[in-house]
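First comes the structure, then the notes that go with it.
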Amino acid sequence: MTELTNLGVRAIRDGVAAGDFTAREVAEAFNANVAAAADLNAFVIATPEKAIEAAEKVDADRAAGKPLGSMAGVPIGMKDLFATRGVQTTAASHILESFVPEYESTVSQKLWDAGAGMLGKLNMDQFAMGSSNETSYFSNVISPWRRNDGGNAPLAPGGSSGGSSAAVAARLCPAATGTDTGGSIRQPAAFTGITGIKPTYGRCSRWGIVAFASSLDQAGPMARDVTDCAIMLGAMAGFDPKDSTSLDLPVPDWAGSLDSDLRGKKVGIPREYRMDGMDAEIARSWDDGVAWLKDAGAEVVEISLPHTKYALPAYYIIAPAEASSNLARYDGVRYGLRDLPQGANLQDMYAATRAAGFGDEVKRRILIGTYVLSAGFYDAYYTQAMKVRTLIRNDFEKAFEECDVILAPTAPSAAFALGEKVDDPISMYLNDVFAVPASLAGLPAMSVPAGLSSAGLPLGLQIIGKAFDEQGVLNAGLAIEQRAGFTAQPEKWW
Amino acid sequence: MSVDRKTVAKIASLARIKMDEEELDRMVPEFNNIIAFVEQLGEVDTSGVEPMTAVIPQALRLRDDVVDADPLTGGNVREKVLANAPLAEHGFFAVPKVIE
């Protein structure tokens, strides 16, 4: 039975449809892996009964000869940022610890409608703010990977979708949902040797996803390979009138159109991403990627994205500004925690509730956001950042006149140890230096595993595409996947 | 530009986050580090550049003017709205007395 947990989305779906095994057997196998992996702390809560319930429905539908969905029989992990009816949705925070939604997010509902089942809610950085999973109220996720130096230092699974990345890498689920505001799907995917794609802004509905920075937040799949990501993204995407920025476009058949023949395609290499002091192993893996895409038939051209160095500072104005506004809703009145000190008035209650309910990183960002939006500073910080954001998007538009996709590293290093960067917010922020520009421009971008570092840790390559061209991104990702031959898995210690 | 402790305390108060002295001690240098980091944006010449309003150009839609067209966002769900309230009484959210 254990071998079922080595299967990915497509293999499980096709195996269930063919009758090689039942959806229930698959759900039971993954439920067992989830239950045995408490040491990773990847799940905030396991929901084995939900996985079984969904599987039994798929098995019954198959027995009755009914058509099966694109995710039929596939049990998945759900990042705890998606509202799930009747199941706690905490955003890994204390302030939402008791929150049990009365409604289901559009993306999770679409996945259930496609036949997927829920193994549980995945741990993450609190309100998706973090790059290492160390800001979770429910303690950090530990990566299943370890360095090959025998030291066994616990490593970061990346963030904010670190429960998702750890769970997929450790074979606790074949796939998981993630959300990406400034790299939160791609960086954890790179750290754990899995694949993840952030689609064009607006492809996946934000309705029912706990908001962080609404102009940047996008949901996407995290899975073992490009095909599985394409299948799952197809199930997650689609127009939703309940989200005012949802794209009113048909969802292409990404999985059915996958094609790794890149003849006639141009791949851009942004010269500004080759920064001073770049990690030699990251540079080498990037060179490997260039060679693989050439081998797939693509022409490689150098491009320029002149405002790259300003992306991160712009992001750290825009995202906290939006967060300070979005998180104003947590007031101890309508849902979540309330802290009412003896004799406190309403204002005291707000301040006490938010002091008790938010973690340090969340408070830091709310304060920064409040400051940059305050009268007298708004133009100097927020308006300037939004102008720089325009320049960054213009850079990409100009670059895409010369190429079809862009190849870059996903992160500036392999996974770091837990605790290594936690005392220095800026060095933590720098982890997303390659991921943030595509977020600011709303572009589809994915990370695929490219190889192992000398310490035995996964390295990821990032492909950035034109708006709406998830297909081009997935195709280039597939070309890399076929040539990288990445089969490494973490050795089980948990 | 450096932000002093009084300003950070004021910002915390505007954001309705209670902070004790010890927390402020920690927050002030962190706050200044982040502000110093983002201030490099001042170098960029943005004259004549429009601030971004929508990352993917889109027209905002109007929904049909129909009551409860989508039951997920419609009305008459008071019990559901109140289900997660820390304190609800007589069909309302309850808060500490605001008028003496």
Side-chain angles (χ1 to χ4, degrees), chain A residues 98-100 102-103 200-202 215 241-242 244-245 247-248 307 310 313-314 316-317 324 331-338 340 344-347 349-352 354-355 358 363-364 366-368 370-372 374 380-381 383-391 393 425-426 429 440-442 467, chain B residues 1 3 7-8 10-20 23 26-27 30-31 33-58 60-61 63 69-70 72-73 77 79-88 93-98:
Chain A
S98 64
F99 181 57
V100 180
E102 294 284 330
Y103 59 96
T200 308
Y201 179 78
S215 79
K242 295 190 294 303
S244 63
T245 57
L247 288 174
D248 192 359
H307 295 91
Y310 300 108
Y316 275 98
I317 290 175
S324 74
D331 55 7
V333 174
R334 290 159 297 164
Y335 34 72
L337 183 76
R338 166 178 292 191
L340 181 60
N345 65 24
L346 185 63
Q347 297 293 338
M349 184 188 87
Y350 293 152
R354 291 161 65 79
F358 293 137
K363 289 179 189 174
R364 216 161 15 234
I366 291 175
L367 257 55
I368 293 288
T370 305
Y371 181 70
V372 300
S374 61
Y381 290 110
T383 307
Q384 176 72 357
M386 289 309 260
K387 287 178 176 173
V388 171
R389 192 174 178 185
T390 299
L391 292 172
R393 184 182 60 190
I426 304 282
Y429 296 172
L440 289 172
Chain B
M1 193 180 68
V3 177
T7 307
V8 176
K10 168 78 175 161
I11 296 290
S13 152
L14 287 173
R16 299 290 184 273
I17 297 177
K18 188 172 167 13
M19 282 203 173
D20 59 26
E23 251 188 309
R26 266 189 298 134
M27 190 61 80
E30 287 172 357
F31 192 94
N33 282 343
I34 296 168
I35 291 297
F37 174 66
V38 300
E39 274 184 348
Q40 33 175 325
L41 288 187
E43 301 166 17
V44 186
D45 179 4
T46 53
S47 45
V49 178
E50 284 295 312
M52 181 181 280
T53 48
V55 63
I56 303 291
Q58 270 182 309
L60 283 178
R61 302 175 299 272
R63 67 163 172 79
D70 184 337
L72 278 173
T73 52
V77 289
E79 295 314 310
K80 286 185 176 184
V81 168
L82 293 174
N84 277 285
L87 189 62
F93 294 113
V95 297
K97 196 162 71 172
V98 285

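Chain identifiers are assigned alphabetically (A, B, ...) following the order of the sequence lines, protein sequences preceding nucleic acid strands; residue numbering begins at 1 within each chain. It should be emphasised that the depicted structure is a prediction, and the values quoted were computed from it without experimental measurement.
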Of all heavy-atom pairs linking Gln40(B) and Tyr310(A), the shortest is O-CE2, 3.5 Å
Identify the two heavy atoms, one from Val100(A) and one from Asn84(B), that lie closest to each other, and give their separation to 0.1 Å. O-ND2, 2.8 Å
Check each atom of Leu60(B) against the heavy atoms of chain A and say whether the ones under 4.5 Å are side chain, backbone, both or neither. side chain
Taking all heavy atoms of Gln384(A) and all of Leu41(B), pick out the closest pair and write down the distance. NE2-O, 2.9 Å
Flag side-chain contact, heavy atom, 4.5 Å: Leu14(B) against Tyr371(A): no
Closest heavy-atom pair, Met349(A) versus Pro96(B), reported as atoms and distance to 0.1 Å, is SD-CD, 3.6 Å
Any residue meeting side chain to side chain contact (heavy atoms under 4.5 Å, CB included) with Ile56(B), in chain and number order, not counting sequence neighbours: Thr200(A), Tyr201(A), Leu247(A), Ala467(A), Phe468(A)
With a 4.5 angstrom heavy-atom cut-off, is it the side chain or the backbone of Glu50(B) that approaches chain A, or both, or neither? backbone
Heavy-atom side-chain proximity of Leu367(A) to Met19(B) below 4.5 angstrom: yes
Would you name the heavy atoms of Arg393(A) and Val55(B) that are closest together and state the gap between them? NH1-O, 3.1 Å
Trace of the side chain to side chain contact (heavy atoms under 4.5 Å, CB included) decision for Arg364(A) with Met27(B): CA-CA 7 Å; Arg364(A) 216 161 15 234; Met27(B) 190 61 80; 3.8 Å; yes
Can you tell me if NZ on Lys242(A) sees more than 12 non-hydrogen neighbours from other groups inside 6.0 Å? yes
What are the two closest non-hydrogen atoms of Pro86(B) and Gly336(A), and how far apart are they? CG-O, 3.4 Å
Using non-hydrogen atoms only, which part of Ala385(A) is less than 4.5 Å away from chain B: side chain, backbone, both, or neither? both
Chain B heavy atoms under 4.5 Å from Ser324(A): which part of the residue, side chain, backbone, both or neither? neither
Side chain to side chain contact (heavy atoms under 4.5 Å, CB included) filter on Thr390(A), not counting sequence neighbours, yields Asn394(A), Val49(B), Met52(B)
Among Ile34(B), Thr73(B), Thr53(B), residue most engaged with chain A (heavy-atom pairs, under 4.5 Å): Ile34(B)
